[in-house]
Amino acid sequence: MDKVDKTAISRIFEQSGPILAVFAKEPVPGTVKTRLSPPLSAVQACWLYRIALEETVSRLRAEGFAVVVCYAGRRAWFADAFPGVPLLAQVEGELGGRLRAAADELFACGGAPVLFVGSDSPDLPVALVRQALEALQRCPAAVIPCVDGGYALIGLQRPLPGLFAEIPWSTPQVLSTTRERAAALGFALYETEAWEDLDDINALRRLMQRSPDARTALCARTELGITP
């Protein structure tokens, strides 16, 4: 398994401010965006996933955030796709354990607060990210909820391993269970306005309608022939 590249990661802590960790899988047909197939082929869904991931990373970096990619797959692929971006290998196991391990590593390296995003919301408004970030000045944790019952972003002011315990990942109960975990830890989870994940073809069409100039929307329209 790849080791943590502490030399690369340490560079982001030379900047003041938060750490935005993008959780990502190496794009392999049949393993990413499977709910888009059909109507897309596995290869097309994989290509769209890659575009969404690249758009997510580039938008956050363009806004001046210190970004690290927490990756699953071959480090060489991510190093080639995101030159100059610090990389942190995900550990094995379920998502909660992987989030806990990444948070521990990033806090131990000096980062705070730490915010996690995926590649499922490539048009996620930066204003919502900044709202969650501002909330972390006074709250232990903050989320950008998703309309499907999950969240597009979760931010931690400090390590909170219990927040990721026994979550029914990939179900509509992710957010409600996370609220329960926060209450058990003695605080209320801060929540921004909700956004939408890119899960299926209908969600893709809605993304194309609300953000027609997004790179992901342009790819769907011009390269994959999807109509809004």
Side-chain angles (χ1 to χ4, degrees), residues 17-24 35 52-53 55-57 59-70 90 94-104 106-107 111-200 202-204 206-207 209-211 214 216:
I19 305 303
L20 264 72
V22 180
F23 252 55
R35 290 175 60 188
L53 173 58
E55 181 169 26
T56 298
V57 173
R59 286 182 68 238
L60 293 174
R61 295 187 77 199
E63 291 293 330
F65 293 116
V67 174
V68 55
V69 173
C70 297
Q90 296 180 34
E94 51 89 32
L95 180 56
R98 288 182 278 137
L99 285 165
R100 287 193 298 271
D104 288 346
L106 293 170
F107 278 117
V114 172
L115 301 90
F116 291 103
V117 298
S119 60
D120 288 338
S121 300
D123 65 336
L124 183 67
V126 172
L128 291 183
V129 178
R130 295 195 185 283
Q131 184 181 340
L133 178 60
E134 191 276 334
L136 289 172
Q137 296 180 24
R138 60 185 187 278
C139 303
V143 296
I144 299 176
C146 285
V147 296
D148 64 1
Y151 49 74
L153 173 150
I154 186 164
L156 309 177
Q157 184 189 76
R158 61 180 187 270
L160 294 168
L163 199 59
F164 301 118
E166 299 180 359
I167 303 294
W169 302 108
S170 302
T171 74
Q173 286 73 49
V174 168
L175 181 57
S176 60
T177 307
T178 303
R179 291 190 190 111
E180 294 172 1
R181 295 290 175 270
L185 292 169
F187 64 89
L189 192 67
Y190 179 88
E191 301 179 31
T192 71
E193 171 189 343
W195 199 244
E196 184 173 15
D197 270 350
L198 174 54
D199 287 328
D200 55 25
N202 291 327
L204 174 58
R206 288 191 292 271
L207 183 153
Q209 292 168 359
R210 68 175 179 262
S211 302
T216 303

Can you name the closest pair of heavy atoms from L207 and P122 and give their distance? CD1-CG, 3.8 Å
Is any side-chain heavy atom of L189 closer than 4.5 Å to a side-chain heavy atom of C139? no
Q173 to P168 - nearest heavy-atom pair and separation: CB-CG, 3.8 Å
Hey, could you give me the CG/CD distance between L204 and E196, rounded to the nearest 0.5 Å? 10.0 Å
Rounded to the nearest 0.5 Å, what's the gap from CG on L163 to CZ on R179? Could you check? 12.0 Å
Compare all side-chain heavy atoms of L153 with those of F116 and state whether any distance is below 4.5 angstrom. no
Output for pair (L160 CG, T178 OG1), nearest 0.5 Å, gives 11.5 Å
Min side-chain heavy-atom separation I19-F65 under 4.5 Å: no
Spacing of E94 atom CD and L99 atom CG [to the nearest 0.5 Å]: 8.5 Å
Can you see whether Q131 engages T192 through a side-chain donor-acceptor pair at a distance of less than 3.5 angstrom? no
Is there side-chain contact between V129 and L20, with at least one heavy-atom pair below 4.5 Å? yes
Mind running side chain to side chain contact (heavy atoms under 4.5 Å, CB included) on D197 and D148 for me, showing each step along the way? CA-CA 8 Å; D197 270 350; D148 64 1; 4.0 Å; yes
How about L95 and I167: do any of their side-chain heavy atoms sit closer than 4.5 Å? no
On a heavy-atom basis, the closest approach of A152 and L124 is CB-CD1, 4.1 Å
Please report the C-alpha distance between V22 and L53 in whole Å, then the side-chain angles of each, then the deciding distance to 0.1 Å, and finally whether the side chain to side chain contact (heavy atoms under 4.5 Å, CB included) criterion is met. CA-CA 9 Å; V22 180; L53 173 58; 3.9 Å; yes
Between F107 and Q157, what is the shortest heavy-atom contact and its length? CE2-O, 3.7 Å
Is it the case that more than 12 heavy atoms not belonging to E166 sit under 6.0 Å from its CD atom? no
Quick one: pull up CG in L175 and CD1 in I144 and give me the separation to the nearest 0.5 Å. 12.0 Å
Are the side chains of R98 and F23 in contact, using a 4.5 Å heavy-atom criterion? yes
Identify the two heavy atoms, one from L115 and one from P18, that lie closest to each other, and give their separation to 0.1 Å. CD1-CB, 3.8 Å
Please determine, by modelled atom types, if Y151 and E191 share a side-chain donor-acceptor pair under 3.5 angstrom. no
Side-chain contact, heavy-atom cut-off 4.5 Å: W195 with P145? no
Set of residues satisfying salt bridge (charged side-chain N to carboxylate O under 4.0 Å, His left out) with respect to R158, sequence neighbours excluded: none
Closest heavy-atom contact between L185 and G162? CD1-C, 4.1 Å
Distance, nearest 0.5 Å, that separates CG of L198 from OG of S119: 8.5 Å
